[in-house]
Novice: 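Attaching a single structure in C-alpha cells format; questions to follow.
As the structure lists them, so they are numbered: ligands from 1, and atoms in each ligand from 1.
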Amino acid sequence: MKNLCYESTSNCLLKCPYCISSDNGVMEKDHYLEIIDFIGKLLPERLVIGGGEPLMDPLLKEKITLIIKKYHEANEEPYISLSTNAASLITQDMWLFLRNSIQCLDISIPSLNHDIYAQMRGADLLDQVLINIRKAVNYGLNVRLSIIMTKQNYNELEKLFEFAAATNVNSVRVGRYFPFRNAYNVKDNYELDETTVIKIIDDINNGKYANIYSGKILPPIKTLSMMSGYLNVDFNGMLFVPNIEGKQLISNVHDIDISALESSFKDSQPKIFIRYKEK
Ligand code: SF4
C-alpha cells in the first residue's frame, strides 16, 4: 500500500467554507487504537496525518509514537507527513517532537494576502502561519508548502514561490481544488476552470517558477479521476475514497481484509474493488 490519509481529529481553529473533512462530523469517541492497529497491518509507504487540524489533537503525540512503534515492530521505517494549517501556537516541546518523529510537515497556505486568507479560511490567522513556517524551517523539519489554487488566489502563485524561496522551505506542492465531499457544494465559488488548471500545470512543468524557487515543485494532478485511489481513514475507523458524491465507503478498520485491500490498490491505486472480510 502506497498512501493512506488518516483524518485523526475533528478539531480545527479555522472554518474554510470548502473544508472536505467537515463531513466527518464531530468526534465523539476516538477509535485511534483500532485505527493504529490497522495502520500497523497495512504499513503504507506514506502516511498522511490530517484532520481537522492534527496539531489540535490532544493525542497527536501518542498516536504518532504508537504508529512509529508499529513500523519498527515490522522492521520498517515510516514516512509520516503531517498535514497542517499551522495556524495555532506550537510549543517548543511539540516542535522538538515533530522534528524527531515525522518526515514531512505539510503546511497549507492559500494566500499571503490577509483578506484573501480570511475569505478562504474563515479567519485571518495568516501571521501565525508565517511565524510557524519560519520556525519549522529553523527547527530543521522537512517543510512543504501546500497551495491550493482557486479562483481567489491563483494570481498569487509567483508571490507564494518568492515566499517559499525567502523562507527556504524544502518543497512546494501546488494543488487543485477537489470538488469532493462538502467542497462540492461550494465549487462554483472556488474551482478553477480546466484550462487554467492545465496552464498552471504546464507553467510549472516548463520551469516558469524555477528561477524564483529552486526547491522541488509538485504540480497539481492532471485529472480528478487520479484521486480514485486515494484511501482515507477517518477517526471513526471508516475507510473511504473521496469523490464528487461524497465518500465512497470501502469498509472499516475492523472488517477489512488487508490482503484484498492491498491488491485492490496495487499499481498506483487506480481502481477500487474491495471485498469485505467474511464475518
Ligand atoms: S484548515 Fe483544513 S480542517 Fe480546518 S477548516 Fe480548513 S480545510 Fe477544514
Side-chain angles (χ1 to χ4, degrees), residues 4-28 30 32 35 47-60 63-64 80-90 94 98 102 104-133 136 143-154 156 160 172-192 220 224 227 230 232-236 238 240 242-244 246-247:
L4 176 71
C5 178
Y6 172 23
E7 298 181 353
S8 70
T9 178
S10 60
N11 289 339
C12 188
L13 65 174
L14 291 171
K15 217 172 171 26
C16 310
Y18 49 81
C19 175
I20 57 168
S21 60
S22 57
D23 61 6
N24 286 330
V26 176
M27 180 165 62
E28 284 168 14
D30 197 332
Y32 70 104
I35 295 165
L47 177 68
V48 176
I49 302 180
E53 167 49 46
L55 289 169
M56 293 191 67
D57 180 353
L59 293 175
L60 181 67
K63 289 175 184 176
I64 291 177
I80 299 175
S81 175
L82 193 77
S83 179
T84 174
N85 57 42
S88 56
L89 284 170
I90 303 172
M94 180 57 89
L98 293 175
I102 65 168
C104 179
L105 189 70
D106 190 314
I107 299 178
S108 61
I109 177 164
S111 176
L112 293 167
N113 175 296
H114 285 267
D115 292 336
I116 294 175
Y117 187 95
Q119 189 191 344
M120 290 183 68
R121 313 237 82 175
D124 179 13
L125 297 179
L126 177 59
D127 286 341
Q128 187 60 47
V129 178
L130 300 181
I131 289 169
N132 284 335
I133 290 170
V143 181
R144 169 170 298 173
L145 298 188
S146 279
I147 305 163
I148 303 300
M149 291 285 96
T150 66
K151 286 177 180 167
Q152 285 71 25
N153 65 345
Y154 77 98
E156 263 194 82
L160 284 157
V172 175
R173 181 174 67 93
V174 179
R176 60 192 291 160
Y177 185 84
F178 291 122
F180 294 166
R181 303 170 67 183
N182 279 346
Y184 182 81
N185 302 324
V186 290
K187 73 182 174 73
D188 292 347
N189 297 339
Y190 295 96
E191 191 180 21
L192 288 171
L224 291 177
M227 288 295 285
Y230 196 75
N232 289 249
V233 58
D234 68 19
F235 47 72
N236 293 313
M238 293 309 299
F240 66 92
N243 60 20
I244 287 170
K247 294 167 157 182

Novice: Quick one: name the protein N/O/S atoms under 2.8 Å from atom 4 (Fe) of ligand 1, chain by chain.
Specialist: C12 SG
Novice: Indicate whether the side chain of N24 and that of S21 have a donor and an acceptor atom separated by less than 3.5 Å.
Specialist: no
Novice: Kindly write out the residues that satisfy side-chain hydrogen bond (donor to acceptor under 3.5 Å, both in side chains) with D124, not counting sequence neighbours, or none if the list is empty.
Specialist: H114
Novice: For S146, which residues count as a side-chain hydrogen bond (donor to acceptor under 3.5 Å, both in side chains) partner, sequence neighbours excluded?
Specialist: D106, R173
Novice: Just jot down the side-chain contact (heavy atoms from CB on, under 4.5 Å) partners of Y18, sequence neighbours excluded, or say none.
Specialist: C16, M120, R121, Y177, A183, V186, Y190
Novice: Between K63 and E7, is there a side-chain N and carboxylate O pair less than 4.0 Å apart?
Specialist: no
Novice: Are I80 and I49 packed together at the side-chain level, in the sense that at least one heavy-atom pair is separated by less than 4.5 angstrom?
Specialist: yes
